[in-house]
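In this chain, numbering begins with 1 at the start of the sequence shown.
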Amino acid sequence: MKSAKEKFDEILKTDEFGLLDVTLPKSTTHKLNTLERDFESILEFYNRTGKVPSKNGSFLEKRLAYRLEVLQKNSSARNKLQAMDAPGLLLHRKDEVLGIDDPMGLLTPDKETEAITTFHHVKSNGHIDPDYIARRNRCLGFSEKYQPSFEAVSEEIADGTRILTPFQPQDLEAGRFFVLQGMLLFLERDCSSVRSFGTETGSNMRRRDGRTRCIFINGTESDLLYRSLSKALSKDGYTVSAPLPGAHTNVTITSDDKVSGYIYVLKSRSKVPAIRAIPDLYKIGFSSGEVSERVKNAANEPTYLMSDVIIVEQAKCYNVSIRGLEDTIHKIFGAANVNLTISDRDGIQHHPKEWFSVPLRVIEQAIHLIIAGKAEDIRYDPDLKTLIHRK
């Protein structure tokens, strides 16, 4: 039976991707970039699978889990990477490497690992490093004090009462909600202020410095530096709007309004495995006549994937251009359009359009905005699975 050391030697020998290599780069800038790239591979796995890399998973997943353990145990690495760590993956966790006590010391920070996360030969100006991010901790009393608000805001984003807009620095105010790398956060307190400081050339500069208190939807909190939070949100963040007035006001129809047709949402009943495997696959389109008449021959039409369909939603539209409505649909959901190839009864290939991989709740929200004439600057973000208002 192989010893623990022999098992680790075997893993290291087969590390064809070099994910366990910790080498000392030549320059300080490269050191930080290497650290970020290592963590980005872990974030990519988490965003793709929805889970933290496990040592019980595939071989590649195990290596990511080992790397995550190294970073979790290195306080300097946690501080440098905190702005990237929206899911809180770097929070300290108990050792669990194959049920043993890390005989090779892979999870213990060493001189080489520390070298990657430490800047050398940099002259200090007496100020706190603006890129320093405080350690995130569990938020005491989260479930009682904050969770109800997070749940309410999440629901309002889902139903269109609130919308997301690309973050702008002037949006950063206490009492507002933001989305950072897909995670909802609440800026509870801003203790920053505009301060003056001297430079090496003798000139004076003014900038906002100080800490904030941020509460995250996963029940953690952090006293992020104002400038670091602004920088992180500018790179990958959104501002959550206040509740929109009259977001769900019913539209009054009069005798002067002219019916243009129906906007519809269809779900395929195809038994083709490749089609059934596509998540949240819906056809969104427009019909000038009754939708039931339009789709009664769906099983013989490539545009409906040569299969019967289910009419999931349909809404009557008034006073709109058919062409304009179709263009709006394509603009909103263009990023989620599914490229399909279907053969008809004669074996001729077709490329049906208007099929999108989008959650039904988002489609319903978009239809409401279209009918209300408020969808011109709205776009669907497949990563966040929500509608974004493009300023």
Requested in this report: Measure from the side-chain N and O atoms of Gln72 to the backbone N and O of Leu89, and report whether any donor-acceptor pair falls under 3.5 Å.
Outcome: yes
Query raised in the report: Considering only heavy atoms from C-beta outward, does the side chain of Phe142 approach that of Phe150 to under 4.5 Å?
Result: yes
Query raised in the report: So which of Arg211, Arg189, Arg138, Arg213 actually passes salt bridge (Lys or Arg N to Asp or Glu O under 4.0 Å) with Glu221?
Result: Arg213
**Report entry** Side-chain touch Thr239/Leu164, heavy atoms, less than 4.5 angstrom
**Finding:** no
Query raised in the report: Hey, any chance Ile310 and Trp355 share a hydrophobic cluster, counting ILVMFWY side chains that come within less than 4.5 Å of each other, even indirectly?
Result: no
**Report entry** Residue pair Ser54 / Glu61: nearest heavy atoms and the distance that separates them
**Finding:** N-OE2, 2.9 Å
Report task. Give a yes or no answer on whether the side chain of Ser234 reaches the backbone of Ser230 with a donor-acceptor pair at less than 3.5 Å. Result -> yes
Query raised in the report: Where is the tightest heavy-atom contact between Ala298 and Val309, given as atom of each residue plus distance?
Result: CB-CG2, 4.2 Å
Report task. List for me each residue that meets side chain to side chain contact (heavy atoms under 4.5 Å, CB included) alongside Thr212, sequence neighbours excluded, and say none if there are none. Result -> Leu187, Asp190, Cys214, Leu224, Tyr226, Leu229
Report task. Evaluate the side-chain proximity of Leu81 to Leu90: yes if any heavy-atom separation is below 4.5 Å, no if none is. Result -> yes
**Report entry** Under the side-chain hydrogen bond (donor to acceptor under 3.5 Å, both in side chains) test, residues paired with Gln147 that sit two or more places apart
**Finding:** Glu151
Query raised in the report: Step by step, would you call Asp280 with Leu360 a side chain to side chain contact (heavy atoms under 4.5 Å, CB included)?
Result: CA-CA 7 Å; Asp280 299 319; Leu360 182 59; over 6 Å; no
Query raised in the report: Judged by atom type as modelled, is there a donor-acceptor pair below 3.5 Å linking the side chain of Ser241 to the main-chain atoms of Ile163?
Result: yes
Query - By ring-ring contact (aromatic ring centres under 6.0 Å, His included) - contacts of Tyr146 (at least two apart) - result: none
Report summary line: Residues Val338 and Ser357: closest non-hydrogen pair is CG2-N, 3.7 Å
Report task. Could you please spell out the steps behind the side chain to side chain contact (heavy atoms under 4.5 Å, CB included) verdict for Tyr282 and Val358? Result -> CA-CA 7 Å; Tyr282 296 98; Val358 181; 5.6 Å; no
Query - Euclidean distance, Asp377 CG relative to Ile388 CD1, rounded to 0.5 Å - result: 13.0 Å
Query raised in the report: With distance as the sole test, does Asp209 use its side chain to make a donor-acceptor pair with the main-chain N or O of Ser193 at under 3.5 Å?
Result: no
Query raised in the report: Same cluster or not: are Ile363 and Tyr262 linked, directly or through other Ile, Leu, Val, Met, Phe, Trp or Tyr residues, by side-chain heavy atoms under 4.5 angstrom apart?
Result: no
Query raised in the report: To the nearest 0.5 Å, what is the distance between OG (Ser192) and CZ (Arg227)?
Result: 11.0 Å
Report task. State whether Lys55 and Glu69 are salt-bridged, where the test is any N-O pair (Lys NZ or Arg NE/NH1/NH2 against Asp/Glu carboxylate O) under 4.0 Å. Result -> yes
Query raised in the report: Is the shortest heavy-atom distance from the side chain of Pro352 to the side chain of Pro302 under 4.5 Å?
Result: no
Query raised in the report: Are any non-hydrogen side-chain atoms of Ile42 and Leu71 less than 4.5 angstrom apart?
Result: yes
**Report entry** Test salt bridge (Lys or Arg N to Asp or Glu O under 4.0 Å) applied to Glu156 - qualifying residues, sequence neighbours left out
**Finding:** Arg162
Query raised in the report: What orientation do Phe333 and Tyr380 show, parallel under 30°, tilted 30 to 60°, or perpendicular over 60°?
Result: tilted
Query raised in the report: Around Arg276, counting heavy atoms of other residues, nucleotides and ligands shown, do more than 12 lie under 6.0 Å from its CZ?
Result: no
Query raised in the report: Does anything in residues 290-306 pair up under salt bridge (Lys or Arg N to Asp or Glu O under 4.0 Å), and if so which pairs, sequence neighbours excluded?
Result: Glu293-Lys296
Report summary line: Sorted by chain and number, sequence neighbours left out, side chain to side chain contact (heavy atoms under 4.5 Å, CB included) with Ser343 holds for Gln349
Query raised in the report: So, for Phe286 and Ile263, which heavy atoms are closest and what is the spacing to 0.1 Å?
Result: CD1-N, 4.1 Å
Report summary line: Tested for ring pair (Phe, Tyr, Trp, His ring centres under 6.0 Å) against Phe186, the lone hit among Phe177, Phe216, Phe178 is Phe177
Query - Interatomic distance, Lys331 atom NZ to Ile329 atom CD1 [nearest 0.5 angstrom] - result: 12.5 Å
Query raised in the report: Are Ile284 and Ile278 in one and the same hydrophobic cluster, where Ile, Leu, Val, Met, Phe, Trp and Tyr link if side-chain heavy atoms are under 4.5 Å apart?
Result: no
Query raised in the report: Can His351 and Thr341 be counted as having a side-chain donor-acceptor contact under 3.5 angstrom?
Result: yes
Query raised in the report: Given side chains that start at C-beta, do those of Leu184 and Val240 come closer than 4.5 Å, heavy atoms only?
Result: yes
Report task. Not counting sequence neighbours, which residues clear side chain to side chain contact (heavy atoms under 4.5 Å, CB included) with Glu354? List them please. Result -> Tyr264, Lys283, Glu326, His330, Phe356
Query raised in the report: Does Asn74 use its side chain to pair, donor to acceptor, with the backbone of Ser76 at less than 3.5 Å?
Result: yes
Query raised in the report: If you measure from CZ on Phe45 to CG on Leu68, what distance do you get to the nearest 0.5 Å?
Result: 10.5 Å
Query - Ala232: side chain to side chain contact (heavy atoms under 4.5 Å, CB included) partners, not counting sequence neighbours - result: Ala83, Leu180
Anything under 3.5 Å between a donor and an acceptor, one on a side chain of residues 266-275, the other on a protein residue two or more places apart or in another chain? List them.
residue	atom	partner	partner atom	Å
Ser268	OG	Ser270	N	3.0
Ser270	OG	Val272	N	3.1

Query raised in the report: Residues in side-chain hydrogen bond (donor to acceptor under 3.5 Å, both in side chains) with Asp381, at least two apart?
Result: Tyr238
Report task. Applying salt bridge (Lys or Arg N to Asp or Glu O under 4.0 Å), name anything that partners Lys145, two or more places apart in sequence or on another chain. Result -> Glu188
Query - Linked, directly or transitively: Met183 and Leu172 (ILVMFWY side chains, under 4.5 Å) - result: yes
Query raised in the report: In Å, rounded to the nearest 0.5 Å, how long is the span from CD1 of Ile157 to CD of Glu155?
Result: 11.0 Å
**Report entry** Side chain proximity check, Thr328 to Glu376, heavy atoms < 4.5 angstrom
**Finding:** no
Report task. Spell out, yes or no, whether Val265 and Ile311 are grouped together once hydrophobic residues are joined by side-chain heavy atoms under 4.5 Å, including indirect joins. Result -> no
Query raised in the report: Taking only residues two or more places apart in sequence or in another chain, which ones pass side-chain hydrogen bond (donor to acceptor under 3.5 Å, both in side chains) with His350?
Result: Asp344
